[in-house]
Amino acid sequence: SKRQWSLSDFEIGKPLGKGKFGRVYVARELKSKFVIALKVISKEQLEKYRIHHQLRREMEIQFNLKHPNILRLYGWFHDSENVFLILEYAHNGELYKELSKKGHFSEQQAATYILSLTKALAYCHEKHVIHRDIKPENLLLDHEGRLKIADFGWSVQSRSKRHTMCGTLDYLAPEMVENKAHDYAVDNWTLGILCYEFLYGAPPFEAESQVDTFKRIMKVDLSFPSTPYVSPEAKHLISRLLVKDSSRRLSLQRIMEHPWIIKNANPMGVCN
Ligand SMILES: CC[C@@H](NC(=O)c1cc2[nH]nc(NC(=O)c3ccc(N4CCN(C)CC4)cc3)c2s1)c1ccccc1
């Protein structure tokens with residue numbers, strides 16, 4: 001739909017969340033009554049942090065990605081102060097809130113989310129997009145509990161560029177932490193981190209300080225607690241993803257065919 005949107009087309013509801021750059025509100029398009037999420041980024045912030053190129057990349061990338069596990073960007077508009085992104089509304093909010101509420105997910109729930117993420121990443125890599133920032137905060141749940149990857153602010157089209165990383169190191173692959181040029185395999189590493197966190201409730205290389213997390217990542221200092229119980233198949237998958245040599249990490253295709261995924265994941269992506 002190539003129509004020109006404006007703020008007067010929407011009734012703005014409660015704030016949903018705020019990130020480093022901008023805020024998101026639930027909103028309803030007045031004519032259709034369709035509920036969306038409206039992401040508002042001030043032009044002043046765009047100038048101040050010089051992120052308009054990143055925002056343009058995010059918009060081009062997310063606008064062209066159409067997949068059941070990727071949050072849709074329906075369109076955008078701007079006025080004198082702000083840029084507005086019209087995003088799909090995920091009715092059940094942030095996956096990490098559900099994770100912290102439950103402590104850890106069952107193997108069925110974890111495998112279903114990992115399969116959804118793997119399918120979404122396979123789709124992205126087919127389109128030469130590397131997300132690079134898959135973490136629980138960027139994962140949302142729709143009204144059926146289906147996982148949606150949000151916030152492509154850090155994604156890149158094809159080959160990686162040097163970039164400064166903000167936020168936690170926990171999800172970064174060794175090659176990113178070492179600030180080496182990296183490729184699609186960073187997202188495979190992150191799947192291993194998330195699989196571990198879904199099953200144990202905390203990421204594998206968590207430490208008191210960022211320096212210690214850095215050291216644990218570089219050493220791939222991986223250990224599995226004795227509780228909660230996690231099957232050997234799940235540990236095998238995690239161990240085949242958290243591999244320092246990015247060329248030896250299990251491919252997305254092989255993750256989809258892994259015995260633990262086949263046995264535990266709900267192919268429909270919903271599991272309640
Ligand atoms: C992922 C971060 C990113 N977020 C988005 O783009 C976002 C896009 C988008 N679409 N739908 C959302 N839904 C929610 O955020 C949401 C949160 C809580 C909800 N509930 C609370 C608990 N209750 C029991 C059920 C309802 C429901 C929906 C969000 S966030 C961002 C980036 C920059 C600035 C702000 C936000």
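Counting starts at 1 for both ligands and their atoms, following the listed order.
- Near ligand 1, residues L16, G17, K18, G19, F21, G22, V24, A37, K39, L71, L87, E88, Y89, A90, H91, G93, E137, N138, L140, D151 each place a heavy atom inside the 4.0 Å sphere around the ligand atoms.
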- Message: Run R57 and E60 through salt bridge (Lys or Arg N to Asp or Glu O under 4.0 Å) and show every step you take.
- Response: CA-CA 5 Å; R57 192 170 56 210; E60 278 159 13; over 6 Å; no
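- L30 forms part of no hydrophobic cluster, judged by ILVMFWY side-chain heavy-atom separations under 4.5 Å.
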Pair up each side-chain donor or acceptor in residues 193-206 with any protein partner under 3.5 Å, not counting sequence neighbours, and list the distances.
{"from": "Y196", "atom 1": "OH", "to": "S223", "atom 2": "O", "distance (Å)": "2.9"}
{"from": "E197", "atom 1": "OE1", "to": "Y171", "atom 2": "OH", "distance (Å)": "2.7"}

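- Listed by chain and number, the residues in a side chain to side chain contact (heavy atoms under 4.5 Å, CB included) with N92 are L141 (sequence neighbours excluded).
- We find that R249 and E175 are joined by a salt bridge, their nearest charged nitrogen and carboxylate oxygen being less than 4.0 Å apart.
- Salt-bridge annotation for K39 and E58: present, with a side-chain N of the basic residue lying under 4.0 Å from a carboxylate O of the acidic one.
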